[in-house]
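What follows is a single structure, written as C-alpha cells, with notes after it.
Treat the numbers as computed from the prediction; the structure is a model and nothing was measured. For ligands, and for the atoms within them, numbers begin at 1 and follow the listed sequence.
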Amino acid sequence: MPTLCYGLDYMRQTSKPGSSRTLLVDGVTLRLAQPIDLTQEWIGEREILRQLLACWLVIDEHDLPLSPRITGFPGIGKTTLAMAGARERKQDLYIFQCTADTRPEDLLITPVLAESGTIAYHASPLVSAVLTGGVCVLDEGNRMNEKSWASLAPLLDHRRCVESIVAGILVKAHHDFRCCVTMNEDASTYEVPDYILSRLQPTLHLGFPRRDDELAILRYHIPFAPADMLTLTVDFLQEAHQLNLEYSVRDGIHLLQYALKRLAQDPAHPLSKDEAWREALIKVLSEEALDLEGLAHRRKRALGDQPLPRGLGDFFFEGDDPLHPER
Ligand SMILES: Nc1ncnc2c1ncn2[C@@H]1O[C@H](COP(=O)(O)OP(=O)(O)O)[C@@H](O)[C@H]1O
Ligand SMILES: [Mg+2]
C-alpha cells in the first residue's frame with residue numbers, strides 16, 4: 001500500500017473559510033472536517049493545563065508527543081480542558097464524539113455517494129487533525145467499542161499512522177498532530193482494552209474545583225448572575241463535592257441559568273430568589289439534591305460502604321496498591 005508523503009500546501013486544494021477543504025492523499029481526494037471555534041477559556045487551576053501541554057511537547061528530535069487520557073466525573077471540565085490546551089498551542093481543534101456504535105470508518109474515512117454517482121471520501125475530525133497537524137480530542141472515549149479502538153493503535157504509538165481500509169490509504173500523522181482522550185467516570189461505558197490504555201498515557205485526573213475557582217467559572221459563564229445566587233450555587237456544589245457526590249460545574253451552570261430565567265420571567269409577580277433557586281435545584285437535579293447528606297448516606301449504604309465510583313487510573317493509589325504496599 002502506498003504511503004502518504006507530506007506537502008500539505010500543494011495538496012490542499014481549497015481552504016477558504018466556510019468552503020469545504022479537500023486534500024489529495026495518494027490519489028484519493030478527501031473532504032476534510034471543519035475545525036471547531038476556539039472561544040472557550042480555561043478558568044482556575046492552571047497546573048492540570050500545564051500537565052496537558054507538557055504531554056504535547058516534543059523536546060528532542062527522537063521524542064514523540066504523548067496522548068493522555070483526561071478522566072473525571074461528567075461535567076467537571078474535561079472537554080473544556082482539552083479545548084483550552086489546543087487554544088494555548090494556537091492549533092486547530094477537532095473533536096470526535098465517541099459513542100457505543102462508532103465504527104472504525106466513522107473514526108477514519110467514510111465513503112459517501114456524491115450526486116454525480118461517484119464516491120466522495122469524507123475524513124473524520126480525527127483524520128482531518130492527523131492530516132493537517134491539528135489537535136483531536138476523542139471525547140468520551142470509553143463509550144467506544146474495542147473494534148474501533150483497535151484501528152487507532154498504530155496512530156497512538158511510535159508508528160503515528162492510521163490505515164483506512166475503505167479508502168485504501170495509509171495516513172501518516174503530520175508532526176504537529178496532537179491527541180487526547182476524555183473519559184467519564186460513570187458506569188455506562190465500555191472497558192477500554194489494556195493495549196489501548198497503555199498507549200493513552202499519562203492519566204490526567206480532573207478533580208472537583210476549589211471554591212474560588214468554581215465561583216470564577218460560574219461567573220465567567222453567567223456574568224450577569226447576582227452575587228448571592230452565585231454564592232448559593234457554589235456553596236451547594238462545594239458541599240456536594242465534599243460528600244463526593246457527582247454534581248458538577250455543569251449542573252451548577254444549568255441550575256443558575258434556570259433560576260435566573262424564572263426570576264426574570266414575570267416582573268409583575270416575581271418569585272423570591274430562594275424560591276427560584278430551590279425550584280431550579282429540584283428541576284435540574286431532582287428532589288434528592290435538597291438533602292445532600294441524606295443522599296450521600298444512602299449512596300454509601302447502597303455501595304456497601306465502598307467509596308463512590310473511582311476514577312480510571314486511580315487503581316494503584318489505594319490500600320492494595322502493589323507498587324506501594326506500605327500505603
Ligand atoms: N475550568 C473551567 N473553565 C471554564 N469553564 C469550565 C471549567 N470547568 C468546567 N467548565 C464549564 O463546565 C461545563 C462542563 O464542562 P465540560 O468540559 O463539558 O465537562 P466534561 O467534559 O468533563 O463533561 C462547560 O460549560 C464548561 O465550559
Ligand atoms: Mg465532555
Side-chain angles (χ1 to χ4, degrees), residues 36-53 55 67-89 93-100 102 107 125-126 129 135-144 179-190 192 200 203-225 229-230 233-234 236-238 240-241 244-261 280 284-285 289 308-314:
I36 284 176
D37 200 18
L38 279 175
T39 48
Q40 179 74 68
E41 256 182 69
W42 179 253
I43 311 286
E45 175 68 58
R46 295 280 304 173
E47 187 54 22
I48 188 105
L49 180 56
R50 284 177 56 76
Q51 290 168 0
L52 174 62
L53 294 172
C55 293
S67 301
R69 58 188 123 131
I70 302 172
T71 65
F73 281 127
I76 211 167
K78 298 180 298 298
T79 310
T80 307
L81 175 70
M83 293 171 79
R87 181 182 151 118
E88 290 266 326
R89 288 177 57 88
L93 171 73
Y94 296 82
I95 298 186
F96 187 93
Q97 195 63 46
C98 303
T99 64
T102 297
L107 264 178
L126 172 64
V135 169
C136 183
V137 180
L138 292 168
D139 212 15
E140 308 201 16
N142 49 338
R143 296 198 180 283
M144 198 160 71
C179 181
C180 68
V181 180
T182 72
M183 293 186 176
N184 269 336
E185 285 172 17
D186 57 26
S188 59
T189 46
Y190 278 102
V192 178
L200 300 176
T203 300
L204 304 182
H205 182 70
L206 202 48
F208 293 119
R210 292 196 328 244
R211 190 178 197 287
D212 50 343
D213 288 340
E214 195 150 52
L215 186 60
I217 297 168
L218 289 177
R219 206 180 275 131
Y220 170 81
H221 287 284
I222 316 179
F224 51 90
M229 299 288 275
L230 284 166
T233 311
V234 171
F236 166 81
L237 289 174
Q238 288 290 312
H241 302 338
N244 207 21
L245 294 168
E246 69 277 24
Y247 298 131
S248 66
V249 191
R250 184 191 287 131
D251 295 324
I253 294 172
H254 288 154
L255 197 169
L256 206 44
Q257 279 178 319
Y258 181 68
L260 294 176
K261 288 180 198 303
V284 175
L285 300 176
L308 281 165
R310 57 186 174 176
L312 290 155
D314 285 351

Are the side chain of [X] and the backbone N or O of [Y] linked by a donor-acceptor pair below 3.5 Å?
X	Y	result
K78	M183	no
T182	E140	yes
Q238	P209	yes
N142	N184	yes
S248	R250	yes

For [atom], the protein heavy atom that lies nearest, with its residue and separation:
atom	value
atom 21 (O) of ligand 1	T79 OG1, 2.7 Å
atom 10 (N) of ligand 1	I217 CG2, 3.8 Å
atom 22 (O) of ligand 1	K78 NZ, 2.7 Å
atom 12 (O) of ligand 1	I253 CD1, 3.8 Å

From the options L107, T102, I95, L200, select the one residue that forms a side-chain contact (heavy atoms from CB on, under 4.5 Å) with L138.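 Per the side-chain contact (heavy atoms from CB on, under 4.5 Å) rule, the option paired with L138 is L107, out of L107, T102, I95, L200.
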Contact flag N184/the Mg ion (ligand 2), N/O/S atoms, threshold under 2.8 Å: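 Checking the Mg ion (ligand 2) against N184, no N, O or S atom falls under 2.8 Å.
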Trace of the side-chain contact (heavy atoms from CB on, under 4.5 Å) decision for T71 with L204: CA-CA 6 Å; T71 65; L204 304 182; over 6 Å; no
Which atoms of ligand 1 are found less than 4.0 Å from any heavy atom of [X]?
X	result
Q40	4 (C), 5 (N), 27 (O)
I43	1 (N), 2 (C), 3 (N), 4 (C)
G77	8 (N), 9 (C), 15 (O), 16 (P), 17 (O), 19 (O), 20 (P), 22 (O)
E41	3 (N), 4 (C)

Is any N or O atom of [X], backbone or side chain, closer than 3.5 Å to an N or O atom of ligand 1?
X	answer
H221	yes
L81	no
I76	yes
R250	yes
Y220	no
V249	no

Closer than 4.0 angstrom: is that true for some heavy atom of E45 and an atom of ligand 1?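 Outside the 4.0 Å threshold, so no.
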Against ligand 1, does G72 come closer than 4.0 Å with any heavy atom? no
Closest heavy-atom contact between T39 and Y220?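 In this case the closest contact between T39 and Y220 is O-OH, 3.8 Å.
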In terms of side-chain geometry, is the basic nitrogen of E214 or R211 positioned less than 4.0 Å from the acidic oxygen of its partner?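 Looking at E214 and R211, the cut-off is not met.
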Any salt bridge linking R46 with E88? Criterion: basic side-chain nitrogen under 4.0 Å from a carboxylate oxygen.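 Yes.
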Hey, mind stepping through I43 and D213 against side-chain contact (heavy atoms from CB on, under 4.5 Å) and telling me if it holds? CA-CA 7 Å; I43 311 286; D213 288 340; over 6 Å; no
Looking at the rings of Y247 and F73, which for Trp means the six-membered one, are their centres under 6.0 Å apart? no
Report the member of A216, A84, G75 with the shortest heavy-atom distance to atom 14 (C) of ligand 1.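 Nearest heavy atom to atom 14 (C) of ligand 1 lies in G75.
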Among T80, I70, V137, which one puts a heavy atom closest to atom 17 (O) of ligand 1?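 Going through T80, I70, V137 one by one, T80 has the nearest heavy atom to atom 17 (O) of ligand 1.
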